[in-house]
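Only this structure's heavy atoms are used, side chains among them; waters, hydrogens and symmetry mates stay out.
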Amino acid sequence: MPDFSSKPRVRFAPSPTGYLHVGGARTALFNWLFARHTGGVFILRIEDTDFERSSEEMVQGILDGMRWIGLDWDEGPFFQSQRLTQYQAAADTLLKSGHAYRCFCTKEQLEEKRRQAESSSRPPMYDRSCRSIDPARAAERQQAGEPCVIRFAVPQGGSTAFDDAVFGRVEFSNDELEDFVLLRSGGVPTYHLSVVTDDLEMRLTHIIRGADHLSNTPKQVLLYNALGRPLPIFAHVPLILGPDKSRLSKRHGATSVTAYRELGIVPEAFRNFLALLGWTPRGAARQPGEPEREIFDSQELIDLFSLDGIARSNAVFDVDKLAWFNLEWIRRYTPEKLLPFIQEEWSKAGFHPDGDMQEIYAAIALLQPRARNLKDFAGAFRAYFSDQYEYDSAAVAKYLKDAVVRSLLTELGRRYAEQSAWSEASSESLLRAFAEEKGVKAGVLINGARVALTGQAVAPSLFAVMALLGRKRVLARLSAAEHIAAVESMP
RNA sequence: GGCGUCAUGGUGUAAUUGGUUAACACGCCGCCCUCUCAAGGCGGAGAGUUCGGGUUCGAUCCCCGAUGACGCUACCA
């Protein structure tokens, strides 16, 4: 056992071969929640030993993604590419202790061996031929410049087991494990070597990572044993799947967290959704029929998080549920907190509001309860922030098709102009009286006015909208009402 | 192919860990509210817990087998 008298230490160790994807974001989140819950340390480590596929741009993308969902780290980021000598040293001690050996087989030879093994329906494992080379002789060959890799000498027979905090006891027969490569011929470590050396050196107490590593863990356990070091606690988190239950990938659409940011999702919603994917708060005993709580802010998640609430089966990423979390969170934000996100959408859409801050906040507050997505503010909600808006053709077709209604609206505008009072109540009573006078249903004028004022068939209560827009705008937009169909029909 | 893991409505999860009409949320449908649409309220459809055996008075829960999905099986991580 590692030294548990000190604080728990966990890490997120992405490899910068792509953007931060939702699966990675969730393991990062779980590690972070665990660290914050236990008062431990959250370390960020970049596993960039695959030089061909790693890039600085991806590193930045990952950091941005983490910041977006509100994850901060206490140590790092450390880069494995800058720690090569440590891994070489580790390989060296393994070599010296007889737990590893030099292998001179070329890639071509290995491929050939694999081919032969497969054709004779033997498992395609390395045949360990270099294991029998005398170590002194092998060292001489390497000295002489012959390229070689360092392989781990997996014990023959027996089995390797560990206790996973999520999956329970997991046991693998050693004969299933091949003598895996620790150090490549270029002196660059392989995943197993670098993770174990780093996890050891960074004094990690818990390894919380994707379940895709479950089958790799025995190899790492073997390394801990060979190094004579205690095992950390492993906790493997089930994977996130696409709607067709295959592993989430590009063809399922958005898979990086930045993609969801661009889709108009608010970070709290994404974090909340992710946290509940494969994890449920424990201990909160619920009576049958009693609703389950699902909306949690960051602090609540931290308070509730524990490893034993993690599920064992893979979860499907449900975009509809995410959309629901999004609308729930958008209405929970204060207008002040929401504004920067909205501004981001506005600038992406090249839209410029023309009201002052006071008016903008008032409009946001009015619109929040009906927003499902940040994009709404730069789309359907434009009329609340500027005179630069368009009429939705379906809305016009539905409520302003009748020229009589359109001219009535313009006439209504004149009535409003004659009236000095300007409030929700007075606007409503004037409209209703006007409708009665003209012998039309108030609803017809209300619906028509809504389209004239907002361009949309869907909006908050009409009179609240009027109060928000202000007398001047309402009069202008109503007076333009009689021309709307003409405007609409223009190309 | 070998090895491993998992399996509750369409989706995410519950079920005091062998005893409930199998619960909640999202989604879907209907009604109410109403100036529209959301939200909200009310109600509904949807699983008998992958299948087959066993243990037991009794299995979602324990055991065995099958199936399926996923993962690992690289000088990727």
Once hydrogens and angles are ignored, does a donor-acceptor distance under 3.5 Å link the base of B:A77 to the side chain of A:Asn216? yes

Answer with yes or no whether the side chains of A:Lys219 and A:Thr160 bring together a donor and an acceptor at under 3.5 Å. no

What interatomic distance, in whole Å, is found between C1' of B:G12 and the corresponding atom of B:U73? 31 Å

For a quick check of understanding: with a heavy-atom distance under 4.0 Å over all strands, which category does A:Tyr399 fall into, base, sugar-phosphate or nothing? sugar-phosphate

Going by distance alone, is a donor N or O of one side chain under 3.5 Å from an acceptor N or O of the other, for A:Gln156 and A:Arg128? yes

Answer yes or no: side-chain N or O of A:Arg312 and base N or O of B:C6 forming a donor-acceptor pair under 3.5 Å. no

Please state the P separation for the pair B:U60 and B:G48 - nearest whole angstrom. 12 Å

Sugar-phosphate only, base, or nothing, as touched by A:Ser15 at under 4.0 Å among non-hydrogen atoms: sugar-phosphate

Write down the distance between CZ (A:Phe162) and C1' (B:U5), rounded to a whole number of angstrom. 10 Å

Side chain of A:Arg282 only, please: which of B:C70, B:C76, B:A15 is the nearest? B:A15

Does the ring center of A:Phe305 lie less than 6.0 Å from the ring center of A:Trp279? yes

Side chain A:Arg53 and base B:C76 donor-acceptor under 3.5 Å: yes

Strictly distance-based, threshold 3.5 Å: is any side-chain N or O of A:Asp179 a donor or acceptor partner for the main-chain N or O of A:Arg151? no

Once you apply a heavy-atom cut-off of 4.0 Å, does A:Thr49 come out as touching a base, just sugar-phosphate, or nothing? sugar-phosphate

Among B:G2, B:U13, B:C70, find the nucleotide with the atom closest to the side chain of A:Glu176. B:G2

Regarding the side chain of A:Leu239, the nearest nucleotide among B:C70, B:C37, B:U5 is B:C70

What is the nucleic acid contact for A:Ser185, judged by heavy atoms within less than 4.0 Å: base, sugar-phosphate only, or nothing? base

Using the side-chain heavy atoms of A:Arg370, tell me which of these nucleotides is nearest: B:C6, B:C37, B:C75. B:C37

Presence of A:Arg209 side-chain N/O under 4.0 Å of B:C72 phosphate oxygens OP1/OP2: no

Mind telling me whether A:Phe317 and A:Tyr260 have parallel, tilted or perpendicular rings, with 30° and 60° as the class edges? tilted

Short side-chain donor-acceptor distance under 3.5 Å, A:Asn216 and A:Tyr191: no

With 3.5 Å as the limit, what N/O pairs link the protein to nucleotides 24-28 of chain B?
unit_1	atom_1	unit_2	atom_2	d
B:C24	O4'	A:Arg286	NH1	3.1
B:C24	O2'	A:Glu292	N	2.6
B:C24	O2	A:Glu292	OE1	3.0
B:A25	O2'	A:Glu294	OE1	2.1
B:A25	O2'	A:Lys321	NZ	3.2
B:A25	N3	A:Lys321	NZ	3.2

With P as the reference atom in both, quote the distance from B:A25 to B:A39 in angstrom, rounded to an integer. 14 Å

I need the OH-C1' distance between A:Tyr384 and B:C37, as an integer number of Å. 10 Å

Using atom CD1 of A:Ile207 as one end and atom P of B:A77 as the other, report the distance to the nearest whole Å. 17 Å

Starting at atom CZ of A:Arg331, determine the distance to atom C1' of B:C37, rounded to an integer number of angstrom. 13 Å

Side-chain H-bond candidate by donor/acceptor type, A:Glu112 with A:Gln116, under 3.5 Å: yes

Keeping the roles fixed (side chain from A:Asp50, backbone from A:Thr17), state whether a donor-acceptor pair exists under 3.5 Å. no

Do we see a donor-acceptor contact under 3.5 Å between the side chains of A:Asp212 and A:His236? no

Rounded distance in Å - CD (A:Glu108) to P (B:A74): 17 Å

With a 4.0 Å cut-off on heavy atoms, is A:Phe325 in touch with a base, just the backbone sugar-phosphate, or nothing at all? nothing

Would you tell me if any nitrogen or oxygen in the side chain of A:Arg151 comes within less than 4.0 Å of OP1 or OP2 on B:C75? yes

Using the C1' atom as the point on both nucleotides, what is the distance between B:U11 and B:C72, in whole Å? 27 Å

What's the NZ-C1' distance between A:Lys219 and B:G4, to the nearest Å? 12 Å

Name the nucleic acid region contacted by A:Val149, choosing base, sugar-phosphate or nothing; use a 4.0 angstrom heavy-atom cut-off, strictly under. base

With a 4.0 Å cut-off on heavy atoms, is A:Cys148 in touch with a base, just the backbone sugar-phosphate, or nothing at all? nothing

Starting at atom CZ of A:Phe172, determine the distance to atom P of B:C3, rounded to an integer number of angstrom. 12 Å

What integer distance in Å separates A:Leu304:CG from B:U13:C1'? 15 Å

Which part of the nucleic acid, if any, lies within contact of A:Gly186, taking any heavy atom under 4.0 Å across all strands shown: a base, the sugar-phosphate backbone alone, or nothing? nothing

Does B:U11 have OP1 or OP2 sitting under 4.0 Å from an N or O in the side chain of A:Lys245? yes

